[in-house]
Each structure stands twice: as structure tokens, then as C-alpha cells.
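These notes are about the structure you will find just below.
Each residue takes its place number in the sequence, starting with 1.
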Amino acid sequence: MRESAKYFGLTGGIASGKSTVAAMFSGLGARIIDADKIGHEFLHSASPVFPEIVSAFGPSILDRVGEIDRGLLGPMVFADPAKLQQLNAIVHPRIIERVDERARACCVQDPRAVVIVDAALIYEANIRNRFRKVIVGWCRPAQQLERLTAKSGMTREQAEQRIASQMPADEKRRLADFVIDCSGSLEETRRQVEALYPQLRQLIQTA
């Protein structure tokens, strides 16, 4: 870990409960930086990487007003690992830079704030060393698939492709500093978040 890293990472597989955990931490007072939301910002036509993305994947990914349609781009890249890698190579360095800027700003504004970066691909993008500790939100694989198809409208095959594009949940759990089990009820998840939050505050205060 870099000496300057005072913030935490929150990750987990798609539809595993990560966003729910982030919202619970936010309710306790943590400052949440949503890396996935920042990634979506880079898909807009005003983004400096917009022309590069369109050049790489063609005008067929654009909607009627000339914006990137994630409903078109997503199936294209998640069905082809080489294309997914190509997109990540374009977007990830910018996301990492923007996340770093926002996280550092939060720490400057309030050195005792618990700053958590909500990011799906911390381990896949090899950025673990940017965080003081990493929290993994986890649920059983069958639940993950069921949740993803229910909330996204994806076919089972599309959902399996999305899940397969990420590191297996068990591997993330093994690498994590803290694990939140999201397999049970919301109250069970909340109790784990409430138990962990004081530990994160203590880590900041003793840094």
C-alpha cells in the first residue's frame, strides 16, 4: 500500500450486494466515491475518450442522438474478452486518475473522514495497492445470477457472461481484508456494516 493511501476500497461481483453495502456505509457517514458512475461519465460525448471509444467499436454503438448506448456496447464487449480488454485499456486509466483525485480531495477536506471507493474491478485492474484496506461484498453464486437477471432484464447467458468477466467471488473473498456477506436479509447485511464501520474509523484515526 502507498503511504498516501488513506481511503478504502469496496468491491464485489456484479449484483453481489456491493451497492447496497455502499449505501449503508454512506448512511453511517462515510464518503462514497462511485467508480462505476465515473466510468459511465467517460462514455458521454463530452468525454475526452469518447472519440477513441467510437473509433475502436464503430458507430453502431451510438444511439439516435449520437451518444454511446450502453445497451449496445455492453453485449458487444462482454461477449468478446478481447473487446472488453480493449475498452478497459481506454477507460480504466482515466477512471483511476479521476477516482484518485476525488478521494484525495475528500481526505484533504476532512482527514478523519471514512472515504470508500466503490469499484467493481479493484482486483481485476490491479489497483489493490491504492487502498488502505479492501472490503468485499459477497453473496452465493446462484443468488448473484438470480439477482442479476431479475434486476437487469438480461438473459441467463448474458448474465453468465458478465459474471464470468470478473474475478470469481471466492477469490475476491480470499484476497479481501474484510468481507460482508450479502447472502442473507438486509438487516443481516446492515449489522455487519455497522460492526465494521467503527473499525474503519479507528484505522483512519490511527493512521
For this session: Calculate, to the nearest 0.5 Å, the distance between atoms CG and CD belonging to D181 and Q192 respectively.
Result: 5.5 Å
For this session: Check for a donor-acceptor pair, side chain of Y123 on one end and backbone N or O of L175 on the other, with a separation under 3.5 Å.
Result: yes
Seminar exercise, completed: One should read off an interatomic distance between D34 CG and D118 CG, to the nearest 0.5 angstrom, of 5.0 Å
Exercise. V117 and L121: same hydrophobic cluster, using ILVMFWY side-chain contacts below 4.5 Å?
Worked result: no
For this session: Spell out, as yes or no, whether a donor-acceptor pair under 3.5 Å connects the side chain of S152 to the backbone of L148.
Result: yes
Exercise. Do any pairs count as a salt bridge (charged side-chain N to carboxylate O under 4.0 Å, His left out) and have a residue in residues 190-202, sequence neighbours left out, and if so which ones?
Worked result: E187-R190
Exercise. Does any non-hydrogen side-chain atom of V134 lie less than 4.5 Å from one of T11?
Worked result: yes
Problem set entry | Min side-chain heavy-atom separation M76-S60 under 4.5 Å | yes
For this session: Give a yes or no on whether the backbone of E67 and the side-chain of D63 come within a donor-acceptor separation of less than 3.5 Å.
Result: yes
Exercise. Is any NZ, NE, NH1 or NH2 atom of the basic residue among E41 and K37 found under 4.0 Å from an Asp or Glu carboxylate oxygen of the other?
Worked result: no
Exercise. Side chain to side chain donor-acceptor pair (under 3.5 Å) with D69: which residues, sequence neighbours excluded?
Worked result: none
Exercise. Side chain to side chain contact (heavy atoms under 4.5 Å, CB included) between I116 and L200: does it pass, once the steps are laid out?
Worked result: CA-CA 10 Å; I116 299 176; L200 303 184; 4.2 Å; yes
For this session: Look only at the side chain of Q166 and the backbone of R162, and say whether a donor-acceptor pair between them is shorter than 3.5 Å.
Result: no
Exercise. Are R130 and V99 close enough, and set up right, to give a side chain to side chain contact (heavy atoms under 4.5 Å, CB included), and what steps lead you there?
Worked result: CA-CA 10 Å; R130 291 181 174 269; V99 165; over 6 Å; no
Problem set entry | Separation of W138 CH2 from R173 CZ (nearest 0.5 Å) | 4.5 Å
Exercise. Which heavy-atom pair separates V179 from A176 by the least distance, and what is that distance?
Worked result: CG2-CB, 3.9 Å
Problem set entry | Pairing residues for E146 by the side chain to side chain contact (heavy atoms under 4.5 Å, CB included) criterion, not counting sequence neighbours | none
Exercise. Got R31 and D110 here, is their nearest side-chain heavy-atom distance under 4.5 Å?
Worked result: yes
Problem set entry | Same cluster (ILVMFWY, side-chain, under 4.5 Å), L87 and I163 | no
Exercise. Can you say whether the rings of Y7 and F131 are parallel (under 30°), tilted (30 to 60°) or perpendicular (over 60°)?
Worked result: perpendicular
Problem set entry | Close side-chain approach of V115 to I204, heavy-atom, < 4.5 Å | no
Exercise. Is the count of non-hydrogen atoms from other residues, nucleotides or ligands lying under 6.0 Å from Q85 atom CD greater than 12?
Worked result: no
For this session: Evaluate side chain to side chain contact (heavy atoms under 4.5 Å, CB included) for I180 paired with M24, printing each intermediate quantity in order.
Result: CA-CA 12 Å; I180 302 292; M24 290 177 177; over 6 Å; no
Exercise. Should K18 and D36 count as side-chain neighbours, where that means a heavy-atom distance under 4.5 Å?
Worked result: yes
For this session: Look up atom CG in L10 and atom CZ in F178, then write down how far apart they are to the nearest 0.5 Å.
Result: 12.5 Å
Exercise. When hydrophobic residues are tied together by side-chain contacts of less than 4.5 Å, even through go-betweens, does M154 share a cluster with V77?
Worked result: no
Exercise. From S45 OG over to I53 CD1, what is the distance, rounded to the nearest 0.5 angstrom?
Worked result: 11.0 Å
For this session: Using side chain to side chain donor-acceptor pair (under 3.5 Å) as the criterion, list what pairs up with R64, not counting sequence neighbours.
Result: none
For this session: Check whether any side-chain N or O of S26 sits under 3.5 Å from a backbone N or O of A22 as a donor-acceptor pair, and report yes or no.
Result: no
For this session: May I ask you to decide if M167's main-chain N or O and E124's side chain share a donor-acceptor pair within less than 3.5 Å?
Result: yes
Exercise. Would you say the side-chain atoms of Q144 pair up with the backbone N or O of I14, donor to acceptor, closer than 3.5 Å?
Worked result: yes
Exercise. With side chains defined as the heavy atoms from C-beta onward, is the minimum distance between I68 and L62 less than 4.5 Å?
Worked result: yes
Problem set entry | With sequence neighbours excluded, residues passing side chain to side chain donor-acceptor pair (under 3.5 Å) with R98 | none
For this session: May I ask you to decide if S183's main-chain N or O and Q143's side chain share a donor-acceptor pair within less than 3.5 Å?
Result: yes
Problem set entry | I32-L186 co-clustered via ILVMFWY side chain contacts under 4.5 Å | yes
Exercise. Do the non-hydrogen side-chain atoms of Q158 and F78 ever get within less than 4.5 Å of each other?
Worked result: no
Exercise. Same cluster for V91 and L84 if Ile/Leu/Val/Met/Phe/Trp/Tyr side chains link at under 4.5 Å?
Worked result: yes
For this session: Would you check, one step at a time, whether the test side chain to side chain contact (heavy atoms under 4.5 Å, CB included) holds for F25 with L196?
Result: CA-CA 9 Å; F25 275 124; L196 177 56; 3.9 Å; yes
Problem set entry | Test: R174 and E171 ion pair at under 4.0 Å | yes
Seminar exercise, completed: By side chain to side chain donor-acceptor pair (under 3.5 Å), Q86 pairs with (sequence neighbours left out) none
Exercise. Would you say the side chain of I127 lies within less than 4.5 Å of the side chain of H92, judging by non-hydrogen atoms?
Worked result: no
Exercise. Do the side chain of S16 and the main chain of G137 share a donor and acceptor less than 3.5 angstrom apart?
Worked result: yes
